[in-house]
Amino acid sequence: AELVGSDEAKGPVISPDGKYVLFVRTNFTVGPLQVLPLTGGSATTLVKDSVLLGASWGDDGYIYYSRNGSILRVPPTVSGVPDTLATADGATRFVRPVAVPGGRGLLFAGVDGTGTATTYALKPGSRVPGKIGADRVWAILESGYLLLAGAQSNTLMAVRFDLDRL
């Protein structure tokens, strides 16, 4: 059944408890970042002006997303001013954040002007990202692997990764 209030929804992300869906409501690329209960009800606008460049809902309770080349976070229940966690230099833009389970940090891609991607890590409480490798991280698997998209080969790779050593 269609979720009422989800028209023009892009980039859906399910909450860790499976009760809500996060999305950007837009018919192009810019629009409000909203949360909607999967059981029905009204959507809550978290951020009025968001860009669809990836989002992740961490089990630490925060929603992480990319906007204008920066990584930001907002709590899932309150509209307000986003907290900027990392801002790239002018030659790189940060996109596609992926929350590390257990609130142990955040992984995201840094993409330069040629389209070359590098994966970055941000430790909890830090605002200084560190480079951890080439390619773009797409998912963190519970088995201890990162699912990466090859920067040049357009292939998927599973790479063993110790999430406790960010």
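Remember, it's a predicted structure, so these values are computed and weren't measured experimentally.
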Compare every heavy atom of [Y] with every heavy atom of [X], then report the nearest pair and how far apart it is.
{"X": "Gly58", "Y": "Ala99", "value": "CA-CB, 3.5 Å"}
{"X": "Pro97", "Y": "Ser56", "value": "O-CB, 3.2 Å"}
{"X": "Gly31", "Y": "Val24", "value": "O-CG1, 3.8 Å"}
{"X": "Leu72", "Y": "Pro82", "value": "CD2-CB, 3.6 Å"}
{"X": "Val13", "Y": "Ala55", "value": "CG2-O, 3.6 Å"}
{"X": "Arg73", "Y": "Tyr62", "value": "CD-CD2, 3.6 Å"}

Trace of the side chain to side chain contact (heavy atoms under 4.5 Å, CB included) decision for Val100 with Leu106: CA-CA 5 Å; Val100 176; Leu106 192 67; 5.6 Å; no
Derivation and outcome, side chain to side chain contact (heavy atoms under 4.5 Å, CB included), residues Tyr120 and Ile71: CA-CA 11 Å; Tyr120 287 82; Ile71 301 294; over 6 Å; no
Spacing of Arg127 atom CZ and Leu85 atom CG [to the nearest 0.5 Å]: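 That separation rounds to 5.0 Å.
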Spacing of Phe94 atom CZ and Ser70 atom OG [to the nearest 0.5 Å]: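 Nearest 0.5 Å value for the CZ-OG distance: 8.0 Å.
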Thr92 side chain vs Asp89 backbone, donor-acceptor pair below 3.5 Å: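 No.
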Whether Thr84 side chain and Ala86 backbone form a donor-acceptor pair below 3.5 Å: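 Between the backbone of Ala86 and the side chain of Thr84 there is no qualifying donor-acceptor contact (under 3.5 Å).
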Hydrophobic cluster identity match, Leu38 and Leu36, side-chain contacts under 4.5 Å: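 Yes; Leu36 is reachable from Leu38 via cluster members.
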Joint cluster assignment, Ile14 & Phe23, ILVMFWY side-chain distance < 4.5 Å: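 Hydrophobic grouping puts Ile14 with Phe23.
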Lys NZ or Arg CZ of Arg96 over Phe108 ring: under 6.0 Å, within 45°: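 Geometry flag: not set, cation outside 6.0 Å or 45°.
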N-O pairing of Arg104 and Asp59 below 4.0 Å: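 The answer is no: the pair does not qualify as a salt bridge.
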Working for side chain to side chain contact (heavy atoms under 4.5 Å, CB included), residues Val98 and Tyr64: CA-CA 8 Å; Val98 177; Tyr64 300 91; over 6 Å; no
Trace of the side chain to side chain contact (heavy atoms under 4.5 Å, CB included) decision for Val74 with Asp83: CA-CA 6 Å; Val74 292; Asp83 181 18; over 6 Å; no
